[in-house]
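Please read all numbers here as calculations on a predicted model, not as lab measurements. Order of the sequence lines sets the chain letters (A, B, ...), proteins ahead of strands, with each chain counted from 1.
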Protein chains: 4
Amino acid sequence: MRGKLLGFSIFGESHGKAVGVLIEGLPPGIEVSVEELKRELERRKGIERFSTKRRETDEPKILSGVFRGRTTGTPVVVIVENRDVDSSYYEEIRNTPRPGHADYPAGIKYFGYNDYRGGGHFSGRLTVGVVIAGYFAKKLLEREGIKVRAYLKRIGRVEAHVSPEELLSSKNPYCPDERAFDAMVEEMERARKAGDSVGGIVEAVAFNVPPGLGGPWEEDIEADIASALFRIPAVKGVEFGLGFGLAELRGSQANDSFVLKDGKVVTETNNHGGVLGGITTGMPLVVRAAFKPTPSIYLPQRTVDLGRMEEVTLRLRGRFDSCIVPKALPVVESAVAFVIADHLLRRRAWEGMAR
Amino acid sequence: MRGKLLGFSIFGESHGKAVGVLIEGLPPGIEVSVEELKRELERRKGIERFSTKRRETDEPKILSGVFRGRTTGTPVVVIVENRDVDSSYYEEIRNTPRPGHADYPAGIKYFGYNDYRGGGHFSGRLTVGVVIAGYFAKKLLEREGIKVRAYLKRIGRVEAHVSPEELLSSKNPYCPDERAFDAMVEEMERARKAGDSVGGIVEAVAFNVPPGLGGPWEEDIEADIASALFRIPAVKGVEFGLGFGLAELRGSQANDSFVLKDGKVVTETNNHGGVLGGITTGMPLVVRAAFKPTPSIYLPQRTVDLGRMEEVTLRLRGRFDSCIVPKALPVVESAVAFVIADHLLRRRAWEGMAR
Amino acid sequence: MRGKLLGFSIFGESHGKAVGVLIEGLPPGIEVSVEELKRELERRKGIERFSTKRRETDEPKILSGVFRGRTTGTPVVVIVENRDVDSSYYEEIRNTPRPGHADYPAGIKYFGYNDYRGGGHFSGRLTVGVVIAGYFAKKLLEREGIKVRAYLKRIGRVEAHVSPEELLSSKNPYCPDERAFDAMVEEMERARKAGDSVGGIVEAVAFNVPPGLGGPWEEDIEADIASALFRIPAVKGVEFGLGFGLAELRGSQANDSFVLKDGKVVTETNNHGGVLGGITTGMPLVVRAAFKPTPSIYLPQRTVDLGRMEEVTLRLRGRFDSCIVPKALPVVESAVAFVIADHLLRRRAWEGMAR
Amino acid sequence: MRGKLLGFSIFGESHGKAVGVLIEGLPPGIEVSVEELKRELERRKGIERFSTKRRETDEPKILSGVFRGRTTGTPVVVIVENRDVDSSYYEEIRNTPRPGHADYPAGIKYFGYNDYRGGGHFSGRLTVGVVIAGYFAKKLLEREGIKVRAYLKRIGRVEAHVSPEELLSSKNPYCPDERAFDAMVEEMERARKAGDSVGGIVEAVAFNVPPGLGGPWEEDIEADIASALFRIPAVKGVEFGLGFGLAELRGSQANDSFVLKDGKVVTETNNHGGVLGGITTGMPLVVRAAFKPTPSIYLPQRTVDLGRMEEVTLRLRGRFDSCIVPKALPVVESAVAFVIADHLLRRRAWEGMAR
């Protein structure tokens, strides 16, 4: 993700030495703690039963850019070393691209030179770097009173109904709608038992975002958030406010009326998810990302053996997530927080000149 | 839109001297014609009955970067001059931000210095620049056999069902599903008569895109396309392939099997819309953008008078689109084509080094 | 020039419809005047006797981004239309690249598709766009009390000796050292009479630049200024403070001692030109750009006829500058001012977060 | 350094955990070897007698982007861990900024949060990352037959005279002009004995660069090389070909005549250093960078105690380079090679489209 003033670069391969992130543009003086960061990384492990068993402890190692517990203003690099892994299985399936995975197009893009072991640079493990970048962005936003929270909006056919207020006060780390959450767990369990996987939707809400962040065209904050979210593996859709639902409405239903509340201008509804014309309105910023079901499943699948150029049946062995969506919560929060932090910095630049 | 090798910058205000676009990075030698470009701009006028009556002829003027009918390789600037317009009404409503419009957050972002007349830089008229940039990108793609086509997937509650083949051969410039199109026209007519507006969905398909364009993280072609689409005014959602529908599926339903067809590797279905892991697969690239109903309507709306800080009822006068979605077809095509052209150029760079 | 928050793109061809510039990132509310801008463009005409006779009036036309005499915060486009010109001579010499000009490598880069008439996009006329961008940047800096001034440091073998104070108070628009200036005029006159041209050095000083702008590596303000200056046609060298002279010194001679003056930390000397480690120190920023003699001369030269692939003698006809360095003064000021403005904005972003 | 297709980011602090670099955009399949890379890093140690005694072995650790001895096409990260160092002295001098160093402006830029130990992110040690990035770029260029070589052009008052051919065949790793080199060693020895330091100039030549790389304005290869070189600590001047010397010449002296040689178009002289109008001509690309004397010296210096705000005399203790210029040779080569590699990739993109 490269904003104008903040950017991060993800690096590493699943079975390489380490995965990590380089973050540029963070202002000096942000207090950070490795313990807090580890907790964020723990959240990325998801719900044990529906996640892969490779539950290595992710030990973040800050290589640069932090001094005496605060950012210095120079590039921050944090890595998590990979533990020794057995890559032999990936040699076996190297010629038979897994349906739904990047194996096939990646082989073409990289002319066959990519590290295919464990998905290489395409592995979900790389989201470690996003969560680290997001941690720093969240700490910056925290000082300004801005909070970003994500929850499971949908797993398969189960949808949760949650108000922004419920999200802020919820104790459940996955979904404030407890009844929906129970049904989601069942949905994931059914997929797991079937040797299958299931998709879902994550909704993130950013609270207390000041109005005036973003702009039209190149400055559009929705475009920047969408761009960051689509870079997360498995995301196939992004929408703001009522999103695709707005396509079915009349203007009279969709428009959010401006009203006064405690002397401040707010909108009565928030169908636009806190963004108009690419600029934040001061209302909660609401965005959703659709995750496809993780493509690694136990059920037999059809593919092509690229060596012999013939159709074959692929039966994957190993440990797979039955649902990656719970793991994605801190990743989505991170992407959203990072973009907002970049736009907040840009806003400060103009505020500092407007005299 | 700023890709790595291709970029364009939109400029102008609705009631200013001109609107236009600067395009950087176009390779030399692309044949272009002002007549063709005018035809593309005509498409942006939409269906007469549901569009604003200000039907000025858009006369594109190429200021630079084209010599003897071909691109030179230097920056291309094309402008369309604005005809004299009456801006007095915008003075009248200046203090009462229109619900659903950018008026309110724009005033904050620009500290009140923005040109508010006719929506200024936020006006839909600015999409002229996108269509111009897209025209050049399409001409480049054409030489490689790549075509991008968009149609009305949905207007309000009416959805069309169209296969990629039907799209390619369709004579109807708006929607190949004639029955759905008739119903869409009725839907727009109902909104118009009610003094209201209605939203919709545009689907774009890119044909003959080679596999290997894009990549993970910073290289992700879905992220770049989504980023370009969200910069189009009124877009509130973007999805690829089955998109949000994938969230409801099992992996066994979602995964596209690889099969052989005429000796080539293809997928049997195309649920992923031609992109896996951010990289094109060689299948048709399928993307949808959700447009909210245009916020300018004749029905009375509630807003706040920012001068007197009191709630008031706003009754807009003037000429409004009852549906902007038909106008958006060439705009969506343009955004998609431009991003593909950038990725194609990047691909050529690597191909040129891979020896 | 693309900074992080400010950028401009030059467009146009010497014999095309117009030349101009698109400027992005300018904050709203900067007061500008077309009259002032014209005066800046007049400065770019240089000293009449040593300049080309094509002395068309440059009428800047602001197409966007300015409303009621102030920037709006949206992209600014300003063009200057080209008057009708006779391009026939350029057909004649098309196959015989002019020594010292870009003709030969440009033909290769653009595969022959470039507009070669009058130098096309390589023409010095394109610096009109730089001066326009610089005008806006200077107006922004003016509000912060920052001034950028350039003068002729050298013409051929004549060097001027000027202190920063003399520069600020000078009435001579070209060089505060009147005696040196007289000798420079003679030097240019000698070149003119010989049918030849002569090079020179421009020194620019930025006064009242606050300390703390820039940074190491990607943030380096010297690198950004040098990058902007080298993009000006004919620049072949850039140095800060004593520049190349520092290479001959000992550390004890070069180091600028820190001392107190009126309770403020300053350096006693300014050998480093106001920049240490890529960051401004608060001392005047001093930079020099070396301009090669303009390559178009009346004396016969050797070149190759690319059509017949044989060596030929080229005798150029037309009107040439005998020295372009006086014309370059506002161009150099503009490039320096623009980069400082970008870094100032970036500084404001951090200041706005540092609480 | 951020080119359009290739970029690298330097990270780390002198007394932090590690220094290193992240490189983006490298095409897949480039053969690399850790042993070769170590040899490059050894070159960065300079001449033992004139360098700091902290001669730790730099063990590069490739964390990502290389698989089975070849680049994969994904981001490459290489780190060199710092050995334990004693930072206590830096506490002592924390309030007394060293003249010529970044201490003072860095304290302002980072609001006091920067890691000041050992120069932190400003330390010459960070050039490790540049050399690593340059190694990868050189391996890419090697496949195309392009070589970049740097040598000591000047140390203090001693200048070497070297033709491109001598440079290519030289056995002396510092300077092909053996007599000049002996005098340079004496010059450095004199500075060392005086407790002082001395500056110098590095000249780099790129051989076999194809014509057509670069362009005017944003594409200018001189501007991009200068930008990369000025980011190297201690560089205060950059020039191409005759550089500042061109300012003293007439056009008839400066212009390089085009002639035929073995049926190819070349220039008879190379006063422009292989670049015209920002585009390579096919002649050797010649660039020079001026290095100031390293500011850490044993002689007493004046500075200000920022705590007590009074002028004091600073007597530095520790181990200092008496001349850093020999160390800079691989750093300069790296910066030049990296920029050329970026432009070569961009050229391949256009070549791949020009049909």
Side-chain angles (χ1 to χ4, degrees), chain A residues 2 7-32 61-82 87 102 106-117 119-123 126 129, chain D residues 2 7-32 61-82 87 102 106-117 119-123 126 129:
Chain A
R2 303 233 140 248
F8 68 81
S9 299
I10 295 294
F11 59 86
E13 277 80 29
S14 182
H15 289 200
K17 283 220 180 82
V19 297
V21 68
L22 179 145
I23 317 169
E24 285 170 299
L26 286 168
I30 306 171
E31 276 186 271
V32 293
K61 217 162 136 181
I62 301 178
L63 296 186
S64 67
V66 174
F67 181 50
R68 298 189 178 154
R70 287 178 184 268
T71 55
T72 57
T74 57
V76 169
V77 170
V78 184
I79 63 170
V80 173
E81 283 166 16
N82 292 325
S87 305
I108 291 171
K109 175 179 173 71
Y110 298 110
F111 308 108
Y113 291 115
N114 53 309
D115 181 353
Y116 47 82
R117 301 168 305 164
H121 192 58
F122 292 82
S123 166
L126 273 284
Chain D
R2 302 233 140 248
F8 67 80
S9 300
I10 296 294
F11 60 85
E13 277 79 28
S14 182
H15 290 201
K17 285 220 180 82
V19 297
V21 66
L22 179 146
I23 317 168
E24 285 170 299
L26 287 168
I30 305 171
E31 276 186 271
V32 292
K61 216 162 137 180
I62 300 177
L63 296 186
S64 67
V66 174
F67 180 50
R68 297 187 178 157
R70 288 177 184 268
T71 55
T72 57
T74 57
V76 169
V77 170
V78 184
I79 62 170
V80 173
E81 283 167 15
N82 293 325
S87 306
I108 292 171
K109 176 180 172 70
Y110 298 111
F111 310 105
Y113 290 114
N114 53 310
D115 180 353
Y116 47 82
R117 300 168 307 163
H121 192 59
F122 292 83
S123 166
L126 273 285

- Item | Interchain contact, A:Y113 with chain D, by part (heavy-atom threshold 4.5 Å) | both
- Query: If you round to the nearest 0.5 Å, how far is CZ of D:R2 from CZ of A:R2?
  - Reply: 4.0 Å
- Decide yes or no for D:H121 and A:S64: does some side-chain heavy atom of the first lie under 4.5 Å from some side-chain heavy atom of the second? no
- Task: Return the option, out of A:T72, A:I79, A:V76, A:V19, with the maximum number of heavy-atom pairs under 4.5 Å with chain D.
- Result: A:T72
- Greatest number of heavy atom pairs closer than 4.5 Å to chain D - which of A:A18, A:G20, A:P27, A:S9: A:S9
- Minimum heavy-atom distance between A:F11 and D:V77, given as atom pair plus value: CG-CG2, 3.3 Å
- Query: Do you know which of D:G120, D:G112, D:G65, D:G16 has the most heavy-atom pairs under 4.5 Å to chain A?
  - Reply: D:G65
- Query: Among A:L22, A:L63, A:T74, which residue forms the greatest number of heavy-atom pairs with chain D at distances under 4.5 Å?
  - Reply: A:T74
